[in-house]
Amino acid sequence: MPSVVSSGGQPTENAQQTGGSYGPALTLLASLFFMWGFITVINNTLLPHLRSVFDLNYTQTTLIESVWFIAYFFASIPSAKLIERVGYKKSLVIGLLIMAAGAVGMMAAASIPSYGVTLVMLFVIASGITLLQVAANPYVAVVGKPETASSRLNLVQAMNSAGTMLAPAFGAYLILGRSKSGTSMAGTVLTDAERLADAHSVILPYGLVAAVLVILAFIIARFPLPAMGSNSAAAREKRSHLINPELFKHRNLVFGIPAIFIYLIAEIGVANLFINFVSRPDIGNMTHEHAGNYLTFLWGGMMVGRFAGSAIMQRFDAAKVLAVFSIGAFVVAMMATLTHGPVAMWSLILIGLFHSIMFPTIFTLGIKGLGPLTEEGSGLLIMAIAGGTLVIVQGWIADTYGLQTSFLLTAACELYVLFYALWGSKPTHVEPDPVAVETD
């Protein structure tokens, strides 16, 4: 097929007109967004499960998720360099196989059972997801017209939310529903034999996940995925640094990195503590298994919000839409903190709706105008997902001052996103973006 990139790396008129030819590739990438969202949110049902199996407090429980997000910090820049070396397609296959290896490792950790091995395997899975994130997010953002990048990424991220919406039901049925801790009321004390039996309930779901990941890796390896990027001398020179200082001339990236970092504290804190919060007697008064079903509404709200956000951003400026959603998230976070019963529960659920567009919109605003530095900028933004490690701070607040009070941290995070939307996202030093190149 013909190339649709000019010699200088800038998109030609033909490139914009043939964007529809990338539909099959985007559809396949949407399956990756679905899968890593699905696997990430299994953690939301896994955490209360492991809390019971290993008798952990909130700080120790959120440490499990912190280890997951530490992987984003350590794996992001190596992922960007790997993509530059072997290309997007091979990197996607490698990422899926790394995730599959981690899922098999989770089966081994459940068989022992071992808290330490569980932490290591979660790190491995998250490292594979990091590679997929660094590769797939900029790819989707660059394919097509620049002015609709946020809309396009929100649309594909809606598939990520579909995965996050289905994962709680999967986890609630195959993990919580098949364990003593998941089907008992809060405060039930388990025997050693019951804890061992509960630990083994993780084996089947992660076996299924590993099989699906291997199948996806095979499909992508056989698929003619378009390449992306510029091979100009200027591009190669800018990519020669570990972290190119030119990146820090872009205000939208400089403020976008902490925006992703801080947003992830809010998103992960809400998701990880949701089941424990909703099951409290003064909030929802239900079992963890039942509360896990309500988690579906939280992630379902993110899916609905992303589909809606994709349509809205076809007509309205992405930064202004982000500002409106951040205000909504702040309001419902405060309501979840200050009220009780169904009002508090549904306020926390509504945070998912307002969080929906934040990651994809911050990401596309952050890489806007980076040109040949897009891969490195993407790597830094994905590295910022390590902000999820600071969910342990919310765990400490919950242990020290109360679980409900800890959502004040969530509300504070929304205010930084508002700042980024109103000022920090304004681009500087705009360069032409790389574009996809069709290959046979």
Check whether the ring centres of F419 and F255 lie less than 6.0 Å apart, and answer yes or no.
-> yes
Indicate yes or no: at least one non-hydrogen side-chain atom of M345 is less than 4.5 angstrom from one of M286.
-> yes
Quick one: CG on L97 to CG on L213, what's the gap to the nearest 0.5 Å?
-> 8.5 Å
Value rounded to 0.5 Å, distance of OG in S31 from CG in L96 | 8.0 Å
Measure the spacing between OH of Y115 and CG of L119 and express it to the nearest 0.5 Å.
-> 5.0 Å
Is the backbone N or O of I397 less than 3.5 Å from a side-chain atom of T400, with the two atoms forming a donor-acceptor pair by type?
-> no
Are the aromatic ring centres of F277 and F407 under 6.0 angstrom apart?
-> yes
When the ring planes of Y401 and W396 are compared, do they come out parallel, tilted or perpendicular, using 30° and 60° as the limits?
-> perpendicular
Can you check whether F325 and H355 have ring centres sitting under 6.0 Å from each other?
-> no
Between Q394 and S406, a side-chain donor and acceptor under 3.5 Å | yes
Spacing of K90 atom NZ and L82 atom CG [to the nearest 0.5 Å] = 10.5 Å
CA sep, side-chain torsions, deciding dist, call: M313, T361, side-chain contact (heavy atoms from CB on, under 4.5 Å) | CA-CA 10 Å; M313 289 181 202; T361 305; 3.1 Å; yes
Between F33 and W36, is the ring centre distance below 6.0 Å?
-> yes
Among L409, V391, T410, which one satisfies side chain to side chain contact (heavy atoms under 4.5 Å, CB included) with I265?
-> L409
Sub-6.0 Å ring centroid separation between F69 and Y72 | yes
To the nearest 0.5 Å, what is the distance between CG (L216) and CG (L132)?
-> 9.5 Å
Rounded to the nearest 0.5 Å, the CD1 atom of I203 sits from the CG atom of L208 at a distance of 12.0 Å
Counting distance only, does the side-chain N/O of S326 pair as donor-acceptor with the main-chain N or O of A323 below 3.5 Å?
-> yes
Just by modelled atom types, is the R251 backbone N or O under 3.5 Å from a matching donor or acceptor in the T428 side chain?
-> yes
Would you confirm whether Y420, through its side chain, and N252, through its main-chain N or O, come within 3.5 Å as a donor-acceptor pair?
-> yes
